[in-house]
Protein chains: 2
Amino acid sequence: MAGALKKDRATGSANAITADLVAVLVAVTEGEPKIMTIANDGALPSGPFEFAHRSLQTGLRAWVEAQTGHPLGYVEQLYTFADRGRAGDAKSPHSISISYLGLTREDKVGQGFEAHWSGWYEYFPWEDQRAGLPASLAKTLASRLRAWAKSAENTGLQRQRWQRAAITFGLDDREWNEELVLQRYELLYEAGLIPEAVRDGAAATTVIPGKPMTGDHRRILATGIARLRAKIKYRPVVFELMPAEFTLLQLQRSVEALAGRLLHKQNFRRLIEQQQLVEETGAIAADTVGRPAKLFRFRHGVLAERAIAGTKLPLSRT
Amino acid sequence: MAGALKKDRATGSANAITADLVAVLVAVTEGEPKIMTIANDGALPSGPFEFAHRSLQTGLRAWVEAQTGHPLGYVEQLYTFADRGRAGDAKSPHSISISYLGLTREDKVGQGFEAHWSGWYEYFPWEDQRAGLPASLAKTLASRLRAWAKSAENTGLQRQRWQRAAITFGLDDREWNEELVLQRYELLYEAGLIPEAVRDGAAATTVIPGKPMTGDHRRILATGIARLRAKIKYRPVVFELMPAEFTLLQLQRSVEALAGRLLHKQNFRRLIEQQQLVEETGAIAADTVGRPAKLFRFRHGVLAERAIAGTKLPLSRT
DNA sequence: GCCATTTATACTCTCCATGAGTATATCCTG
DNA sequence: CAGGATATACTCATGGAGAGTATAAATGGC
């Protein structure tokens with residue numbers, strides 16, 4: 001039956017490649033999103049998929065524990081990358097990167113590892129819009145993007161470039177869309193405005209703030225942030241990042257930290273409560289300014305009760 | 001800087017593996033969703049990722065064109081699988097499958113290829129709920145699932161199994177959720193109710209209707225259907241599957257075919273029009289019964305104009 | 001002890017998208 | 001010309017989301 005397949009298949013190891021497993025491991029501490037980094041904050045935890053690994057996830061867990069001492073909890077696959085020329089050195093062997101998103105808490109850090117928690121906005125300063133953009137960054141960013149658009153050959157292409165920049169970065173009175181993390185990074189890469197682009201051969205220009213990473217790790221990080229920002233809207237994944245008990249404001253601050261935007265307090269609470277995602281513990285927060293808040297815990301039951309998925313189709317009842 | 005990485009990296013080809021590229025290529029013809037199959041309808045188009053391929057997508061396009069004569073248009077990555085024991089023979093080399101979803105139209109089929117368009121509901125009969133479930137299937141399915149739940153060791157596990165079945169299959173007066181394609185397939189696999197499970201070593205039981213596929217191809221297909229069903233709700237991807245001109249009813253029938261559910265006609269039209277996704281061509285459909293309908297075309301402009309992404313967060317304006 | 005400050009919590013009000021259904025128009029066929 | 005079939009235009013009720021006001025309960029400074 002699969003004859004047609006078999007004869008096309010790899011014979012021996014002519015098409016053998018290596019696969020790297022890469023983890024975007026996220027935590028939120030005191031209202032700041034953090035990611036686990038190694039190699040002097042220049043890389044994400046990663047390692048090759050080996051024959052000994054029973055599955056991709058198993059391999060990933062092994063590497064992350066070995067490099068960071070941190071056990072992996074919630075994990076989901078992100079994307080598989082393989083473009084050459086993005087890997088740092090073009091002569092690298094045929095290698096692909098299979099990336100994962102992991103959610104956890106910052107506690108229980110292992111000792112004796114060269115892993116650190118780094119703020120993710122160090123790598124993507126423009127993604128933090130909670131206090132608006134730092135005035136300096138906002139100005140340089142927009143002018144650099146305009147210069148890039150202008151540098152296109154013809155006016156058609158120029159307009160096209162600017163439209164793309166305006167949409168992804170919310171310029172020209174457009175709305176900021178926090179989910180377009182990857183699109184923004186890709187655009188900056190194409191425009192040669194980040195160190196990785198220069199490293200990979202782009203014309204050397206003045207570069208925009210934001211720490212670079214090895215290989216395509218910052219691109220993978222962008223993918224992870226984008227996925228997480230999209231997912232918190234329709235799945236209760238924030239709770240993987242919260243302590244067992246928390247106040248509603250702490251919950252809100254965490255979501256705001258991830259989304260990079262401020263939320264409307266009253267409406268946020270209404271949303272959480274009507275979805276019955278949390279229940280009161282009975283206890284009350286201590287050591288606070290202002291009126292003390294009730295403590296809540298996540299209702300794990302909801303995960304089993306509902307198969308949460310919003311339909312946006314105008315279904316018919318007949 | 002990346003020293004810590006390098007010393008962990010694969011040395012030589014000790015960790016060399018092979019990667020298969022697999023395509024779920026979808027078209028909709030006369031209100032029926034089709035997928036491109038090869039090997040006597042038992043496999044999806046696929047082939048190994050080779051050193052000559054410049055990127056994963058390039059490799060995929062090469063294989064699909066070679067095997068089906070059909071050029072690939074819209075493509076997006078689905079998932080990367082690697083579990084052993086799912087591949088058919090457990091002794092297979094360490095191999096992973098990188099899967100893609102492609103959208104196209106059924107026309108322009110190449111000659112001299114052993115590829116076919118197969119209805120996707122042949123592989124997933126229970127996913128077509130447009131006319132309700134075929135009475136026979138509905139009855140057997142529910143009773144088999146109940147038997148599987150009952151076969152658990154203790155009552156706790158039994159209840160847990162039944163709850164899972166009820167949620168994924170919309171039993172016990174629960175709502176049917178068309179997006180849970182993969183969850184349903186995985187459950188049937190675990191329950192040993194499909195041929196692939198028996199092939200991989202499950203206890204031989206009477207099996208449920210639905211054609212099997214090589215390796216984990218049916219699982220990949222389930223992933224593709226699920227992704228497409230989710231995506232048509234928030235991205236205008238249906239148009240990749242439509243001819244240049246179409247009536248609103250044809251469009252509705254296509255969405256219904258993909259979703260496996262019937263839609264409310266008037267509300268569907270309101271939705272399409274208010275989103276300004278289409279514009280009239282001025283022409284009118286010929287060869288129809290009933291009042292002839294206006295023909296529409298997709299407004300490609302919307303893709304550039306809007307960065308479509310629905311926020312579900314209670315944003316603050318300050 | 002009073003007051004400014006800070007946070008928590010409870011409501012209100014408006015607008016609009018969505019679900020559901022009714023009414024009318026326009027074609028074809030016998 | 002009736003009847004069947006489809007297209008298209010409205011109506012109406014409901015509920016969720018955006019935005020804002022009002023009140024409660026703590027702290028610290030004076």
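Residue side chain Arg291(A) reaches the base of dA24(D) through a donor-acceptor N/O pair under 3.5 Å, judged by distance alone.
Side chain to side chain, Tyr100(B) and Gln77(B) meet the donor-acceptor criterion of an N or O pair below 3.5 Å. Side-chain polar atoms of Gln183(A) and Tyr185(A) form no donor-acceptor pair below 3.5 angstrom. The closest side-chain donor-acceptor pair between Trp162(B) and Asp172(B) falls under 3.5 angstrom.
OP1 or OP2 of dA7(D) has at least one side-chain nitrogen or oxygen of Lys265(B) nearer than 4.0 Å.
The nearest whole Å value for the distance from the CD atom in Gln275(B) to the C1' atom in dT18(C) is 13 Å. The interatomic distance linking Arg269(A) (CZ) with dA10(C) (P) rounds to 8 Å, in whole Å. Distance NZ (Lys233(B)) to P (dT18(C)): 13 Å, rounded to an integer number of Å. The distance between atom NE2 of His264(B) and atom P of dT6(D), rounded to the nearest whole Å, is 16 Å. As a whole-Å value, the separation of Leu315(B) CG from dG20(D) P is 13 Å. We find that CZ of Phe268(B) is positioned 19 Å from P of dG21(C), with the value rounded to whole Å.
Distances from the side chain of Pro314(A) to the nucleotides dG19(C), dA17(D), dT9(C) place dG19(C) closest. Among dT8(D), dA26(D), dA5(D), the nucleotide with an atom closest to any side-chain atom of Val289(B) is dA5(D).
For the pair Val181(A) and Arg229(A), the minimum side-chain heavy-atom distance is below 4.5 Å. Annotation: side chain of Trp120(B) is not in contact with side chain of Lys34(B) (no heavy-atom distance under 4.5 Å).
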Let me have a per-nucleotide readout for nucleotides 10-15 of chain D, 5' to 3', with B, S or -, counting only protein heavy atoms under 4.0 Å. ------

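Contact annotation for Leu249(A): backbone-only contact, meaning every heavy-atom pair under 4.0 Å involves sugar-phosphate atoms and none involves a base.
Note that CE of Met36(B) and CD of Glu106(B) are 8.5 Å apart. Values are rounded to the nearest 0.5 Å.
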